[in-house]
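Taking it in order: structure first as structure tokens, then the write-up.
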Amino acid sequence: MPPDPEREEALTLLPSIRYGRVAMSKHALPFVTVARHIVDGESVLIRIHRGFEYHSALDGNVVAFEAGNVESGAPEVWSVQFVGQARLIVPSEEQLGCFGPLTERADGQRFDPAYLRIDPEFVTVHRLSGVPGPPGRSRHGPGDTRGPDDSFAPDDTRPPRVPPQHTRSSEAPSGQASGQASRQASGRAPVQPSGEPSSRTSRQASGQSQNADRTAS
């Protein structure tokens, strides 16, 4: 078989993700199921849940397989598609190690694995560039809603931050009001500011001094 660059590219991309989808017909109706996959030489091995009973429909028939990074949020998206005949296999210990740990449950039941080998034919690789990220996510980092031009996206409806406003109260400070009330209750005259003596108090003091002199004489 002559070298196929697209096939080689597909077999290089597939190991970077773990799950794909396998499709075929069952009772003349199409179906698709998720499958764990690994690349083994020029073949693709898949693991599905035996309890779905899809493995018997896949065995010996031509199937379609697709996998890609379409849900990664990356700006460069790729998808690998191919068809090929699927065969049930008993994987080796090395292959089982490549698959990794089993899924715990499928549809509430204990996961029972079935393994198949697919030899890819008619391989196609599609690529998309400049894919926008999901709403609320940005390439600038988690939670950042800026667009590619580093400005906030139109759907960013956060209100602008308003600085606190300081207002001057027309009431006297509580300490000053308390002091005035205390002086009024005791009958004492309010204390005048330093350097500004009360003229009425000075006249009263002068009159008392003159009365005292006359009384003494």
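Because only heavy atoms are used, hydrogens play no part in the values below, and waters and symmetry mates are left out as well, while side chains stay in.
- Taking hydrophobic clusters as Ile, Leu, Val, Met, Phe, Trp and Tyr residues chained together by side-chain heavy-atom distances below 4.5 Å, Val63 shares a cluster with Val123.
- Between the side chain of Gln95 and the backbone N or O of Ser92 there is at least one donor-acceptor pair closer than 3.5 Å.
- Annotation: the span from Phe122 atom CZ to Gln81 atom CD amounts to 14.0 Å, rounded to 0.5 Å.
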Without placing hydrogens or testing angles, list every side-chain donor-acceptor pair under 3.5 Å for residues 10-20, not counting sequence neighbours.
unit_1: Thr12; atom_1: OG1; unit_2: Glu8; atom_2: O; d: 2.8
unit_1: Ser16; atom_1: OG; unit_2: Leu13; atom_2: O; d: 2.6

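- Here OG1 of Thr124 is found 11.0 Å from CD of Glu9. Values are rounded to the nearest 0.5 Å.
- Once rounded to the nearest 0.5 Å, the distance linking CD1 of Ile48 with OH of Tyr115 reads 11.0 Å.
- The line from CG of Leu58 to CZ of Phe52 is 12.0 Å long, rounded to the nearest 0.5 Å.
- Residue pairs meeting the side chain to side chain donor-acceptor pair (under 3.5 Å) criterion with at least one member in residues 47-68, sequence neighbours excluded: Glu66-Ser79.
- Screening Ser43, Pro91, Cys98 for a side chain to side chain contact (heavy atoms under 4.5 Å, CB included) involving Ile38 leaves a single residue, Cys98.
- Side-chain atoms of Val44 and Phe82, non-hydrogen and from C-beta on, do get closer than 4.5 Å to each other.
- Within the 4.5 Å cutoff, side-chain heavy atoms of Met24 are placed close to those of Phe31.
- In this structure, CG on Asn69 lies 9.5 Å from CD on Glu71, to the nearest 0.5 angstrom.
- Sorted by first then second residue, the salt bridge (charged side-chain N to carboxylate O under 4.0 Å, His left out) pairs that include residues 25-44, not counting sequence neighbours, are Arg7-Glu42, Asp40-Arg117.
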Q | Working for side-chain contact (heavy atoms from CB on, under 4.5 Å), residues Val80 and Phe65 | A | CA-CA 8 Å; Val80 169; Phe65 186 83; 6.0 Å; no
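- Residues Ile89 and Leu116 are not in side-chain contact: their nearest non-hydrogen atoms beyond the backbone lie 4.5 Å or more apart.
- Distance alone, capped at 3.5 Å, places no donor-acceptor pair between the Gln85 side chain and the Val62 backbone.
- To the nearest 0.5 Å, atom CD1 of residue Ile118 and atom CD1 of residue Ile46 are 4.0 Å apart.
- Using modelled atom types, one side-chain atom of Ser72 and one backbone atom of Ala74 make a donor-acceptor pair closer than 3.5 Å.
- Under a hydrophobic clustering in which Ile, Leu, Val, Met, Phe, Trp and Tyr are joined whenever their side-chain heavy atoms come within less than 4.5 Å, directly or via other members, Val70 and Leu128 fall into the same cluster.
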